[in-house]
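What follows is a single structure, written as structure tokens, with notes after it.
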Amino acid sequence: LVPWSDDLFEKYYDICEELGSGQFAVVRRVVCKATGEEFAAKFIRKRRYATSRRGVTRAHIEREVDVLTEIGGHDAIIRLFAVFETPSEVILVLELVSGGELFDHVCAKECLDEAEAAAFIKQILLGVKHLHSRYICHLDLKPENVMLKRRGETQIKLIDFGLSRRIPPGSQTKDMIGTPEFVAPEIVNFEALGTATDMWALGVVTYILLSGGSPFLGQTRDETFCNITAVDYHFDDCYFHSTSALAKDFIRRLFVRDPRKRATAEDCLRHPWITGP
Ligand SMILES: Cc1ccc2c(c1)c1c3c(c(C)cc1n2CCCN)C(=O)NC3=O
């Protein structure tokens with residue numbers, strides 16, 4: 001179990017440069033004073049008053065910590081080492097990865113060749129399969145949340161479980177969350193979410209890795225949502241002229257409106273595009 005300490009964070013860690021920031025959290029590189037080891041510390045601002053719109057509720061933070069504690073043992077999932085709490089924030093001490101975002105890797109190359117894309121997607125599938133085996137959904141899968149352990153290697157780490165939660169089968173969990181261009185039809189239609197919601201997002205990630213384009217992105221949020229609920233996408237010849245039929249079939253099995261008919265992580269790991277020749 002991960003210790004929750006109200007000891008002074010700065011007593012144990014030197015705080016270094018900012019790595020990224022979100023709505024209510026900042027991530028910084030930190031160094032453990034005793035060992036010189038580097039970590040990523042996620043400083044999450046606590047919500048002060050129930051009526052406040054700023055900050056994150058403690059229950060929400062505990063959900064992220066519980067998820068990371070339960071699934072942190074898997075190679076494709078970022079590890080949580082410790083939690084510190086101050087009156088105004090909770091600090092998660094997380095494994096530091098040095099390879100940057102998969103997103104940067106794709107941008108650097110515009111798009112990846114199929115073998116490289118399939119290798120990354122297989123890694124992500126193994127991590128997602130681990131999450132889903134415990135009915136935990138990430139709910140914010142996108143290239144920015146897939147980090148490379150080390151530059152030039154395919155070992156990936158799924159990060160940012162701030163929206164993740166356990167959704168047992170049959171539960172009617174509904175919520176309007178996630179990043180518009182990656183959300184599944186059930187999110188747009190405010191219908192039951194589940195592990196299949198992550199699989200749709202994985203389809204979007206795969207489409208982006210292979211083409212550099214985003215399948216459902218419209219000029220406005222509403223146009224994007226319209227494209228999603230109509231499952232209105234196509235393989236632009238300018239991007240996909242040299243993409244194999246297998247890769248397109250892999251994506252087609254994820255862009256399925258009915259979550260019950262959508263391919264699962266297990267189905268995808270058995271798909272010939274992933275198992276390879
Ligand atoms: C080298 C580097 C650069 C940027 C980083 C990270 C590491 C990073 C990390 C984490 C998170 C939640 C965000 C992070 N960011 C912010 C951007 C993530 N999309 C994390 O949990 N471990 C990281 O190394």
Side-chain angles (χ1 to χ4, degrees), residues 2-4 9 12-32 35-46 55-56 60-85 89-109 120-121 123-124 127-128 130-131 136-165 177-183 198 201-202 204-205 208-209 212 214:
V2 174
W4 276 70
F9 181 77
Y12 300 95
Y13 296 91
D14 290 320
I15 300 178
C16 305
E17 79 276 11
E18 181 178 314
L19 297 172
S21 63
Q23 201 177 9
F24 303 120
V26 178
V27 180
R28 300 182 200 285
R29 185 172 65 85
V30 298
V31 180
C32 172
T35 65
E37 267 187 297
E38 294 182 305
F39 296 93
K42 183 175 178 183
F43 297 77
I44 307 170
R45 191 180 308 120
K46 278 162 54 174
V56 186
H60 195 109
I61 298 172
E62 279 171 6
R63 188 160 71 181
E64 180 173 358
V65 171
D66 293 347
V67 163
L68 283 168
T69 305
E70 181 175 348
I71 48 118
H74 192 274
D75 224 13
I77 310 284
I78 206 80
R79 282 192 58 197
L80 173 68
F81 294 97
V83 181
F84 286 77
E85 181 162 16
E89 53 188 11
V90 172
I91 306 163
L92 307 187
V93 181
L94 295 149
E95 173 186 1
L96 178 70
V97 290
S98 61
E101 294 175 2
L102 178 55
F103 199 64
D104 302 324
H105 191 78
V106 175
C107 292
K109 296 187 146 187
F120 280 126
I121 295 299
Q123 290 289 336
I124 299 171
V128 167
H130 181 68
L131 288 179
I136 288 171
C137 305
H138 186 282
L139 298 180
D140 199 16
L141 284 181
K142 53 186 177 180
E144 296 89 322
N145 285 340
V146 179
M147 304 286 291
L148 303 186
K149 174 80 180 152
R150 290 182 197 83
R151 200 163 287 288
E153 292 180 12
T154 57
Q155 172 60 45
I156 60 105
K157 292 278 176 181
L158 297 181
I159 63 162
D160 209 341
F161 287 76
L163 294 181
S164 65
R165 66 192 75 172
I177 48 156
T179 307
E181 73 183 276
F182 298 90
V183 298
D198 283 336
L202 193 72
V204 180
V205 171
I208 290 174
L209 290 194
S214 188

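Whatever order the structure lists ligands and atoms in, that order sets their numbers, starting from 1. Heavy atoms only: backbone and side chains are in, while hydrogens, waters and symmetry mates are out.
- With a 4.0 Å heavy-atom cut-off, ligand 1 is reached by the side chain of L94 but not by its N, CA, C or O.
- Those atoms of ligand 1 that come under 4.0 Å of a heavy atom in L96, given as number and element, are 24 (O).
- Nearest heavy-atom pair across V97 and K157 is CG1-CG, 3.6 Å.
- Under a 4.0 Å heavy-atom criterion, R29 is not in contact with ligand 1.
- For the residue pair E181 and S214, the shortest heavy atom distance occurs at OE1-OG, 2.5 Å.
- With values rounded to the nearest 0.5 angstrom, I61 atom CD1 is found 11.0 Å from F24 atom CZ.
- Not one N or O of N145 is nearer than 3.5 Å to an N or O of ligand 1, by distance alone.
- Close contacts between ligand 1 and E144 involve ligand atoms 18 (C), 19 (N) [criterion: under 4.0 Å to a heavy atom].
- Atom 9 (C) of ligand 1 has its closest protein heavy atom at A40 CB, 4.0 Å.
- The cationic atom of R29 (NZ for Lys, CZ for Arg) does not lie both less than 6.0 Å from the six-membered ring centre of F39 and within 45° of the ring axis.
- With E101, K42, K149 as candidates, the residue nearest to atom 17 (C) of ligand 1 on a non-hydrogen basis is E101.
- With hydrogens and angles left out, the side-chain atoms of T179 and D140 include a donor and acceptor closer than 3.5 Å.
- For the atom pair CD (E144) and CZ (F103), the distance works out to 5.0 Å, reported to the nearest 0.5 Å.
- The nearest protein atom to atom 12 (C) of ligand 1, hydrogens excluded, is given as I159 CD1, 3.9 Å; this is a heavy-atom distance.
- In this comparison of E17, K142, M147, the heavy atom closest to atom 7 (C) of ligand 1 sits on M147.
- Looking at ligand 1, you won't find any N or O of S98 less than 3.5 Å from one of its N or O atoms.
- With a 6.0 Å radius and a threshold of 12 heavy atoms from other residues, nucleotides or ligands, F81 has its CZ atom above the threshold.
- With rounding to the nearest 0.5 angstrom, the CG atom of L80 is 11.0 Å from the CZ atom of F161.
- In L19, the parts holding a heavy atom less than 4.0 Å from any atom of ligand 1 are both the side chain and the backbone.
- Summary of contacts: the protein heavy atom closest to atom 14 (C) of ligand 1 is V27 CG1, 4.0 Å.
- Here the straight-line distance linking atom CZ of R79 with atom CG of L68 works out to 11.5 Å at 0.5 Å rounding.
- When hydrogens are left out, the protein atom nearest atom 1 (C) of ligand 1 is V97 O, 3.2 Å; that is the closest non-hydrogen contact.
- The nearest heavy-atom contact from the protein to atom 22 (N) of ligand 1 is E95 O, 2.8 Å.
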